[in-house]
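In the text below, chain A, chain B and the rest are named by the order of the sequence lines, each starting its count at 1. Computed from a prediction, not measured in an experiment: that's the story for all the values here.
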Amino acid sequence: MMVAELSRVIVPNSGFCRKVEEMSGEKVSACFQCTKCTNGCPVTFAMDIAPHRLMHSIQLGLKGEVLHSDTIWVCASCETCNTRCPNGIDVAHIMDTLRQISQGEGIRASQSNVPIFHSVFLSSVRKHGRVSEMEMALIYYLKSQGLTGLLKQAGMGFGMLIRGKIKLIPTPIRAISQVRAIFRKAEERG
Amino acid sequence: MKVSYYPGCSLSGTAREYGESVEAVCRRLEVELHELTNWSCCGSSSAHVTNDMLAVALAARNLEIADRVGMDLVVPCAACYHRLKVAEKELLAGKQIEGISDIYKGDFRIKHIVDFLWEDVGEGALKEKVKKQLGGLNLVCYYGCLTARPPKVTDAKRPEDPQAMDYLMKSLGANVKSWSYKTACCGGNLILTRPDIAIRLIQKILDMALEAGADCVVTGCPMCYSNLDRMQKQISKETGEKYNIPIFYLTELLGVSLGEPSAKRWLRRHFTDATLLLRRVGLT
């Protein structure tokens with residue numbers, strides 16, 4: 001739902017904005033709605049809340065709308081918004097923060113494929129120290145789109161294989177324990 | 001010249017021709033690449049979405065290794081470059097990163113391969129070694145997002161209109177076209193999660209390259225390359241318009257120009273045929 005279409009009276013609540021600011025270190029409250037982020041964003045056509053409106057929604061404390069939005073999951077992290085923001089707000093970083101809050105609160109992502117992709121990617125890194133692209137793609141398609149989805153990719157997979165672009169056997173790096181320790185510590189600290 | 005080298009995960013997989021051409025070109029230019037011992041994944045786009053500390057620490061682990069060696073660090077992948085630069089800024093600001101030693105000298109530069117070739121190897125050394133001029137090639141340079149933006153991270157002097165790849169290609173004699181999609185986004189990993197969005201962005205970039213009068217697109221990013229090279233058949237099928245624009249890594253064209261015989265092998269790894277165009281302009 002577009003924020004402008006909300007029919008209810010909104011009582012601004014700064015708690016959510018403070019949380020986002022604390023977690024991200026970004027000053028969301030400095031946004032004065034110049035819309036440069038939205039005008040430069042290449043994926044607004046797929047968003048339900050345009051980036052500048054998302055900033056305003058955070059300021060107003062519309063936590064539910066923000067955390068359930070498509071916007072936070074379809075952002076491509078191209079970083080055009082933060083390059084152009086006159087107030088130095090790293091909007092793309094705020095998108096990351098919102099994804100983290102949303103996942104932390106167990107909210108089902110509106111674009112469920114996105115968190116599946118990231119978790120499969122990171123599992124591969126944790127296991128080998130480097131990402132095994134083939135393993136990652138296989139598990140991602142299987143988990144997100146089932147066996148039929150995976151089989152649809154068979155042609156592309158074969159194309160990659162004959163072009164020598166698939167490393168078949170991933171071998172963990174020698175210092176894998178250091179990488180796993182980084183994962184453990186990051187998870188402990190949240 | 002000796003430098004540290006961080007290839008990143010995709011250079012031995014989906015971007016294999018990038019890895020092969022970077023190594024071949026550096027050999028010809030007498031640049032010794034010293035791959036970081038036991039380097040690990042930079043965290044790419046997945047770590048920063050998931051956990052800020054994880055994102056910085058995964059990249060910082062590699063900078064810690066590079067710091068001990070002390071030589072400039074050359075990075076061909078745009079995404080790796082970006083993540084390493086983010087971690088560098090944090091380390092130089094004196095931030096404590098869990099699991100990373102607090103003795104970080106930072107006495108070395110992180111350079112994307114495009115900037116390294118143009119600024120450090122330099123036009124003189126390139127021209128001395130060039131065997132074939134790329135005169136017949138009309139091309140656009142496509143930088144993508146992550147070596148440019150945001151400048152506070154990438155240290156790009158002209159984040160909206162970068163130049164190094166344009167200069168490099170011009171110095172090899174190529175006919176470099178100007179266009180306004182140099183740093184447009186290809187959708188990155190949305191190609192896996194929301195292919196409909198990514199395909200729309202890719203098609204726009206290809207259309208703009210054609211409108212600029214380019215016969216091919218040159219890039220220095222494995223994600224951009226993969227999206228532009230791999231998806232053309234599908235986009236043609238879906239839209240009814242025929243797309244057949246060769247995509248090159250900048251090091252592939254540099255390799256061709258330097259007369260590197262292994263270039264034939266790299267070109268065979270493309271999804272969108274690149275050999276016909278090179279043959280037409282007398283480069284193979």
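Residue A/Ala76 comes nearest to B/Gly187 through the heavy atom pair CB-O, 4.3 Å, listed as atom of the first residue, atom of the second, then distance. Scanning both residues, B/Ser46 and A/His118, for their nearest heavy atoms gives OG-ND1, 2.8 Å. In terms of heavy atoms, B/Asn38 sits closest to A/Ile173 at O-CD1, 3.8 Å. The two residues A/Val179 and B/Leu58 have their closest heavy-atom pair at CG1-CD2, 4.0 Å. Taking each heavy atom of B/Pro150 and A/Asn82 in turn, the nearest pair found is CG-ND2, 3.7 Å. Between B/His48 and A/Ser77, the shortest heavy-atom contact is CE1-OG, 3.6 Å.
Proximity to chain A (any heavy atom under 4.5 Å) is shown, for B/Arg230, by both the backbone and the side chain. Neither the backbone nor the side chain of A/Ala181 comes within contact range of chain B, judged by heavy atoms closer than 4.5 Å. Using a 4.5 Å cut-off between heavy atoms, A/Glu133 touches chain B through its side chain atoms alone. Residue contact with chain A, scored on non-hydrogen atoms closer than 4.5 Å, involves the side chain of B/Lys152 exclusively.
Remark: side-chain polar atoms of B/Arg194 are not paired, donor with acceptor, to backbone N or O of A/Trp73 under 3.5 angstrom. Checked by atom type and distance alone, the side chain of A/Gln178 never pairs as donor or acceptor with a backbone atom of B/Arg61 at under 3.5 Å. In this structure, A/Arg163 contributes its side chain and B/His270 its backbone to a donor-acceptor pair below 3.5 Å.
Between B/Glu98 atom CD and A/Ile182 atom CD1 the span is 10.0 Å, to the nearest 0.5 Å.
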For a quick test of your reading: what N or O donor-acceptor pairs under 3.5 Å do the side chains of residues 138-160 of chain A make, sequence neighbours left out?
residue  : atom : partner  : partner atom : Å
A/Tyr140 : OH   : B/Leu192 : O            : 2.8
A/Ser144 : OG   : A/Tyr140 : O            : 2.7

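Dense packing is recorded around NZ of B/Lys89, with more than 12 heavy atoms of other residues, nucleotides or ligands lying under 6.0 Å away. Within 6.0 Å of atom CD1 in A/Ile169, 12 or fewer heavy atoms from other residues, nucleotides or ligands are found, so the atom counts as exposed in its surroundings. Other residues, nucleotides and ligands place more than 12 heavy atoms under 6.0 Å from the CD atom of A/Glu105. Heavy atoms from other residues, nucleotides or ligands lying under 6.0 Å from CD of A/Gln33 number more than 12.
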Side chain to side chain contact (heavy atoms under 4.5 Å, CB included), that's the test. Do A/Phe117 and B/Leu190 meet it? Break it down for me. CA-CA 10 Å; A/Phe117 167 77; B/Leu190 287 171; over 6 Å; no
Decide side chain to side chain contact (heavy atoms under 4.5 Å, CB included) for B/Arg149 and A/Thr80; before the verdict, give the C-alpha distance in whole Å, the side-chain angles of both, and the deciding distance to 0.1 Å. CA-CA 7 Å; B/Arg149 288 187 296 266; A/Thr80 306; 3.3 Å; yes
Test side chain to side chain contact (heavy atoms under 4.5 Å, CB included) on A/Phe121 and B/Cys41; report intermediate values, then the result. CA-CA 11 Å; A/Phe121 186 102; B/Cys41 173; 4.1 Å; yes
Is there a side chain to side chain contact (heavy atoms under 4.5 Å, CB included) between B/Glu160 and A/Thr83 once you walk through the steps? CA-CA 9 Å; B/Glu160 303 273 6; A/Thr83 300; 4.1 Å; yes
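Per-residue heavy-atom pair counts under 4.5 Å with chain A were compared for B/Leu54, B/Asn189, B/Thr37, B/Ile100, and the maximum is reached by B/Leu54. Of the listed residues (A/Val114, A/Val120, A/Ile166), the one with the most heavy-atom contacts under 4.5 Å to chain B is A/Val114. Ranked by non-hydrogen atom pairs under 4.5 Å with chain B, the options A/Val131, A/Leu122, A/Ile176, A/Asp90 are led by A/Leu122. The most heavy-atom pairs under 4.5 Å with chain B, out of A/Gln111, A/His128, A/Gln103, come from A/Gln111.
Contact annotation: the side chain of A/Val43 approaches that of B/Leu201 to within less than 4.5 Å [non-hydrogen atoms, C-beta and beyond]. Counting heavy atoms from C-beta outward, A/Phe183 and B/Asn51 have side chains that stay 4.5 Å or more apart.
Annotation: residues 8-23 of chain B contacts chain A through B/Cys9, B/Ser10, B/Ser12, B/Gly13, B/Thr14, B/Arg16, B/Glu17 [non-hydrogen atoms, separation under 4.5 Å].
A side-chain donor-acceptor contact under 3.5 Å links A/His93 and B/Asp52.
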